[in-house]
Amino acid sequence: MFVVVTIQREEKGLLALAGDLWGKGPLEIKRRSFLGNGFYHIIDRTGGRPHWERLARTAGRAATRLVMAGEEEPPAGSGLRLYNPVVFAGRMTAMAGAQLLAAMGEEGRRALVAMVDEDGLFTWCAGELARRCGLLRVYTKRPDRYRALCRDLMEGLGASLTLAESPRELESCRFAVSPAPTGVWKLSLPVVTVNHSGIQGRPTINRLEPDLPPELLEEIPAGVDPMLFLGAAWETGLRKFPLDMGFSGCRVDGRRVEGLPPL
């Protein structure tokens, strides 16, 4: 369960202000569902500062699983914290990498592809990519988490995965996928990465926008980033909906383009 908060600013008259003071409250609470997963949508109607403390009390245990509509963020110490769907974001980069390979056809099935997983937390991402390319080369600071996967992929699926000892060994790859944020460093090849990561490619592809049918888009509250909403629903919900969607757009070195760029 997660919570969506919309701050709706409006000029309040004396009657509305009196209602707030006497306990009627400025919050409108709706229980909603998205693909079988429940969430609460709280609308804070305010003429000034949002009612952060009251929002935290209303959200309860879900106060740390917050998705905001718009750019406003709760202040430190309010008891509210924005939800960061890390696993979902990583899976989206893997999906984008797989779709780029599919668009290459036979060339993609023979391609040498790189993956950056410094902490060794996204082995499942490597498994998905290795089955779709000729060779996946992974740079990680935790090679122990990959050794069993290398053996299983080779013996079970005939897929090839090798470990790079340094980022320099990735330079000969067609492109790289980085499913988790990294520090600041550069690669001279295209990099598909999550938002707020320090890795830079030539070019850097991020800000992935899922291509959702209109009927699903209508179920997402206005002003909410669809990627954050989908991530919260997928990670906190009991019903894991399929993640086979395409992408309507992304950012390439900060510039928005339709779909995914050809590589």
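Values below: every heavy atom of this structure, side chains too, minus hydrogens, waters and symmetry copies.
- With rounding to the nearest 0.5 angstrom, the CG atom of D44 is 5.0 Å from the CG atom of L55.
- F175 is linked by a ring pair (Phe, Tyr, Trp, His ring centres under 6.0 Å) to nothing, counting only residues two or more places apart in sequence or in another chain.
- Listed by first and then second residue, the side chain to side chain donor-acceptor pair (under 3.5 Å) pairs that reach into residues 226-241 are Y83-E235, sequence neighbours excluded.
- Here side chain to side chain donor-acceptor pair (under 3.5 Å) pairs that include residues 67-82, with residues two or more places apart or in two chains, are R9-E72.
- Taken from CD in Q200 to OG in S188, the straight-line distance is 12.5 Å, to the nearest 0.5 Å.
- Criterion: ILVMFWY side-chain heavy atoms under 4.5 Å apart, direct or through other members. Under it, V192 and M95 are part of a common hydrophobic cluster.
- Electrostatic pairing of E106 and R110 counts as a salt bridge here, judged by a charged N lying under 4.0 Å from a carboxylate O.
- Remark: Y40 pairs with no residue by the ring pair (Phe, Tyr, Trp, His ring centres under 6.0 Å) rule, at least two apart or across chains.
- Put simply, the side chain of L212 reaches to within 4.5 Å of the side chain of L230, judged on heavy atoms.
- Residues R251 and E209 are not paired through a salt bridge, judged by the lack of any N-O separation under 4.0 Å between the basic side chain and the carboxylate.
- Side-chain contact between P179 and R91: absent, with no pair of heavy atoms (C-beta onward) separated by less than 4.5 Å.
- Taken to the nearest 0.5 Å, the SG atom of C250 stands 8.0 Å off from the CZ atom of R256.
- The CG atom of N195 sits 12.5 Å away from the CE atom of M92 when rounded to the nearest 0.5 Å.
- In this structure, the side-chain contact (heavy atoms from CB on, under 4.5 Å) partners of R147, at least two apart in sequence or on a different chain, are P143, D144.
- V194 and M245 fall into different hydrophobic clusters, where Ile, Leu, Val, Met, Phe, Trp and Tyr are joined by side-chain heavy atoms under 4.5 Å apart, directly or via other members.
- For E169, there are no side-chain hydrogen bond (donor to acceptor under 3.5 Å, both in side chains) partners two or more places apart in sequence or in a different chain.
- Here the side chains of T64 and L80 are not in contact, with every heavy-atom distance at 4.5 Å or above.
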